Structures are given as structure tokens and as C-alpha cells.
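A short write-up of the structure that comes next.
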Protein chains: 2
Amino acid sequence: MALSPDSKNRRVTIKDVARKGGVSTQTVTRAINDMPGINIRTKDRIRKLAEELGYTPSRFAKGLVQGAGSCVGMVVPELTNPYFHAVVSSVVHHATQRGWQITLNEYPSDADNMMLAIEQIAAQVDAVIGWSGSGLAACQRVLGRRPLVLLDPEYPGAAGEVSFDYVHAAQLTLNHLISQGRTRISYLDSSPPQGLSVRAQAFARQAGELGLPLTFLSAEGSAKGARTAVSSLTETNLLPDALIAFNDVTAIGAIKALAAAGRSVPRECSVIGMDGIAIGELLTPELTTVSIDFNEIGATTVQLVEDLLDGKVPPGAMEAKRTLKYHMVLRQSS
Amino acid sequence: MALSPDSKNRRVTIKDVARKGGVSTQTVTRAINDMPGINIRTKDRIRKLAEELGYTPSRFAKGLVQGAGSCVGMVVPELTNPYFHAVVSSVVHHATQRGWQITLNEYPSDADNMMLAIEQIAAQVDAVIGWSGSGLAACQRVLGRRPLVLLDPEYPGAAGEVSFDYVHAAQLTLNHLISQGRTRISYLDSSPPQGLSVRAQAFARQAGELGLPLTFLSAEGSAKGARTAVSSLTETNLLPDALIAFNDVTAIGAIKALAAAGRSVPRECSVIGMDGIAIGELLTPELTTVSIDFNEIGATTVQLVEDLLDGKVPPGAMEAKRTLKYHMVLRQSS
DNA sequence: GTGAAAGCGCTAACAA
DNA sequence: TTGTTAGCGCTTTCAC
């Protein structure tokens, strides 16, 4: 019943158990960890005693002596977003196979304060995986030697980077839309602080090369935001005949808005998402999307962290920059 | 450049830095941790040296001396399922506010081996949150004193339990369907190993009390599984006029199947999901569902873990069993 | 401003 | 079978 022998709620240590049991700490270790070389009766007695006293081995002491698998912090802007979720799942999957731990942290994406989240976990992790806008240098400073691997980085400079080939994605989508005979194409982006985002620029460039006019819309980066933005568009005569959304969630919002306005998708307006999250398939109409292989994201990211941790790849080196390609998934919405 | 001073890849410790810097380990600590009482020039010099040597403080040694927030393992059967994802998000959210760490682990749900996942992390966590069918006793044994909190437990016996009030959910859904004049209602469950699942039993009982015939269907617990099951149903004349799915993902699969068979939802067949995951709103038709408050799940679970860890609530006690209620979210599918 | 000593809680190696 | 010693890497006194 009692949680600790003294009234102070000091942690119960192996010594407490040893003392109360009239044995050495060594014997307690042997009992607790099922090690050989201990009388079964002593073992039972000590285990029972430990249980009574409420003894739990300190993970720190244990780790200090025996070591442990790597522990990687994952710092995510919006955990409720299915895209981030898909990446987390994949990373966890691959990390688990290596016996690593992934510790998850969330920060409000509006406040761009990945830093605060990193500060919170820095002391207890060996590396950090995150997404980031600004404040990169400060984050690396907090982490010291521990590598920071950024996914879809906006600015260069992290120890490791996993990027997406937006130029290739633009080729895939634009060529597809051209083949469909679409002429008034818009790219629907989340509102960047200023100018065009990296991905929007890739689309702009690619459209330029194809001699295709491409307009840009911006919406708050959620289904609701896209819905609002596209709704107001449907009231005008300026509705494009194809919409490329910067992610699937936004594409879904756009489709909802078009449906609500009685516009047929894809007949009147083709909609293409980006990401390839699982729910795209469950929608009506099913979502056409340029998809990234989430399993590959996890595999690549975890491998990169491992290489960095092992010193096989120096932080910031060319080999620490890895790029993933999209592929087209044709379904109903385009 | 060099990762470690010796050719052995032994970890670089504070002593190495101290020795190479011709100072004591204290001075290194002060430099690294920005502590007062150190000459600024010494600090710079040591920091630079530490950087060169590739020194990173051991999280174990640091934790041992200074302590750290709790670390809770979360062990999930299918991370790709949006339901589990929503719960994880909420738990992480509430845990982060307390300065805790959540470390995520996945295990293949078919192999019901939560145990293996727990064994992998047991030594490095203070508590575990999970879902479980069987093997509960073995899991608790591995964890020793560390509390195991089960969500939606099938069998009692964990240190803490967060359950869902299926009877109440059954009342809500059945009454709603009765008010709609539905008479041929089916409950679509995932296939349990034998007999009816706990939740199905609650629905059976409630239907009995209302004098309502309720039939049971079972499908593999995924959208695809539900789709297959309902598809084969639409070919018969036995199609019910209302379908209650044990979760939203399954409901979505059912809706897809009905749409594909040209059956109108909700006119010909009403569909109600359970969970209230976010995408329900984005579907066409939008999903009617008995919803659980995910924020509440996280808040309740984390609070329970805290109470258990603090010893405020003894493991297995009545106060360690908490039950959450559903609420009806009426949208288009019913 | 700096260093020496002690100790956090545990386990590996060696004695008894 | 059991106990003793030493040490993991760090920080906290406290002395200089």
C-alpha cells in the first residue's frame, strides 16, 4: 500500500529494497531482472518485497549502465492533420524496427515555435525530426550536436533534409491536365507569409516552360479554408477548369465547395490533390492526387537519422539531403 | 570533423572535453549549460572544443542527476487508422502540457502482441497506455509497478481503464433510427474471435429493451472490409433500412458500397458511424455518427495516468475506471 | 572563476 | 548462492 518507506515521496531505490530485505543490491538486481545465480526462494521474497515497497528501476540509471536504443523526438505542427499523421506513422514504423523510441511533440503551427517544443525535449533525445519554417539556426543551437532532420524544408541548413520534388510533381500534374484539355488552371496554396511558396514557385516555373498560364489562389491551409476560398470563387465567372491543391485536405475542401455550388467535378472543374493520404480513396468523387510514398518517407528519414547518428554522413553534407519523388494516382476527381 | 578522440567509437564524455581543455568537468558543465560563475572566454573556448570533439551530454546521466518529466509509452495496434490517430493526438496534446514525453509504438493488430511492444519499451517508460485484447496479465507482469492504462478494454484487470458507454451509444442511435421510422436495422461489427463483441452486446441488449429486432453483420474492420461485406448484401433483397457501423471507417466503407450499388443514402439505407473522426464531415454524404470527444479521451487518460503515477489512485481501484459518453452528431447519412 | 569530492541508481566483474 | 567493488556520465555541494 505505502508508496515509499519514508513520508517524503523520495523514489524507492534498489538500496531501499536491499536494506529491507537484508541482502545486497546485487541480489535485488538478480531478482528483479530474472538473472541466473540466485536462489529461487530469495528471488521470490525480494520480488514480493519490491512490489510492496513500490520499487521501479530508474530508467536513467539503467540506461546509463546498459545503454539503450536511440530516442528520437518528432516535433509536429498539427498532429490532427492526416498528412502529418501519415508521416508519423511511417517514421514510427521504421524506428520501431530498429528498437528506437520516437517521442512525439506537438506545437501550435500558428506560433511557428518549433523551438519551444525542441527545448522541451532536447535533453532527452538523440535527434529530432521536424518541419520548420524559420528559426532553424536557433533550433540547431539548442540541439548542439544532436542532428535535426527537417522534412519538406523551406530553408536549407539543417543537419539533414528530406525534400520533395515539386518540379516533378508539377510536371506530372500539368501534363495530365493538358492532356485533358484544361486551359484555365489554378494552383491553390496555403497562404505563405509573402510571395509564392517553394512549391508554388516550382509550379510557376514548370507552367512557364510549358507555356501554360497558371494562376494562384491562396487559402488558409485547411479543408474549411479551401472551402471558403473556393466557394467565393464559384460565385464569379472566373472559376478555373482545373484546380491543383497543395495538399489533399485542401483538395477535399475545394471539392466540397464545388459540390455545394452545383459544379460538377471533374466535368466543370478538375481537382488534383497532393500527398496521397488514405482517405482520398474514400471520398466521392475519389480524389486524384500526386502522391508521395509515405512508407518511403519514413524509411528515408529514419535511415538518414541513423546515418547521421552513426557519423556515416556528416551533418549538412550533400548525402544528408535526400529527395523523394511523387507519382500520379488517377482516380475520379480529375 | 573527427567524431571521437580514439578510434573506438566510445561516446565522448564530459571528461574527454575537460581533459583536452585542461579544465575540470565542472567548468565544462558550466560552459555547456550556460551556468553562471564562469569566465566568458573559458566558456567560449570549451564550447568550441566540445563542438569539435562531438560531445553531447548523456541523457541518462543528466536524467539521473536532475530528474525529468514522466515518459509514457503509447502502444497502438494500427497507427494508420484515423481513430487511433485521433486518440494519440489528444493524448500527446495533454501530455505535452505537463512536460511529459509520449513515446509511440506500433504493433501489428493481427498478432495481438501488445506484449512484444511493451517489452521493447518497458525499461524506458514510467507508464503505458494501450489497447488490448488478451495477454493483459502478462503485460502487467512485464511492467511491474508501472501502470498500464487500457482504452476501451475488453477484459478488466489493468491498472487503469478508460471505457466508452456503449449502452448509451446504443440508446442514442436506436432512438434516432426509430424516430426516423427505420425498422430493419443492422449492426455492422468487426469480426470478433467468437460471439458478439462487448459493444455488439450492448446494442443487442438495448434493442431488446426497445422491442426492436436488430440483426448483426460482421466484416473485416476496415473500410475495404465493410465495403466488401455490404456489397454482397446489396445484391440480396435483405438490405436493411439502417446500418449502424462500429466505427466511422467502417461506415465509410458501407456508404461507398451502397453508392456503388446505386442505393441512396440515407433514403434507402440510413448509415450511422461511431467515433466522430474528423473526415466524417468531409464525405458525401456527410457522416452521421455517435461521436466521442477525442479531447476528452486524451484529457481523461492523461489525468488517470498522472493520478496513478502520483499514487493518488491505486491501480485497479474503482477511481481508476473512467467511462466516457458518446453524443449524437446528426449530419447527412442518417 | 575554478576545482575536488561526493553521489544520483543501477549493473558488470570479480571475490568469497 | 551471495556480496564487494568499481564505475557508467553527469551535477551538486563546498572549498579554494
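Order of the sequence lines sets the chain letters (A, B, ...), proteins ahead of strands, with each chain counted from 1. Below, each value reflects all heavy atoms present in this structure, side chains not excepted, and no hydrogens, waters or symmetry copies. These numbers were taken from a predicted model, which means no experiment stands behind them.
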Original post:
For A:S58 and C:dG9, is the shortest distance between a side-chain N/O and OP1 or OP2 below 4.0 Å?
Top reply: no
Original post:
For C:dT11, does OP1 or OP2 lie under 4.0 Å from any side-chain N or O of A:T29?
Top reply: yes
Subject >> Touch class at under 4.0 angstrom, heavy-atom based, for A:T25 against every strand present >> reply: base
Original post:
Which part of the nucleic acid, if any, lies within contact of A:Q26, taking any heavy atom under 4.0 Å across all strands shown: a base, the sugar-phosphate backbone alone, or nothing?
Top reply: base
Subject >> Pair A:H93-A:N295, side-chain donor/acceptor within less than 3.5 Å >> reply: no
Subject >> Side chains of A:R98 and A:Q303, donor plus acceptor under 3.5 Å >> reply: yes
Original post:
Earliest and latest nucleotide of DNA chain D, 5' to 3', sitting under 4.0 Å from a non-hydrogen atom of chain B?
Top reply: D:dC8 to D:dT12
**OP:** For B:M35 and for B:L64, find the nucleotide of DNA chain D with the closest heavy atom, then tell me which residue's nucleotide is more 5'.
**Re:** B:L64
Original post:
Mapping B:F60 and B:R30 to their closest nucleotides on DNA chain D, which lands nearer the 5' end?
Top reply: B:F60
To the nearest Å, give me how far apart [atom1] ([X]) and [atom2] ([N]) are.
X	N	atom1	atom2	result
A:K15	C:dT11	NZ	C1'	13 Å
A:I38	C:dT11	CD1	C1'	14 Å
B:I40	C:dT2	CD1	C1'	16 Å

Between [X] and [Y], does at least one N-O distance fall below 4.0 Å, as a salt bridge requires?
X	Y	value
B:R41	B:D44	no
A:D126	A:R146	no
A:R47	A:D34	yes

Original post:
5'-most contact on DNA chain C: B:S24 or A:I14, nearest heavy atom basis?
Top reply: B:S24
Original post:
For the side chain of B:D310 and the backbone of B:K312, is there at least one donor-acceptor N/O pair under 3.5 Å apart?
Top reply: no
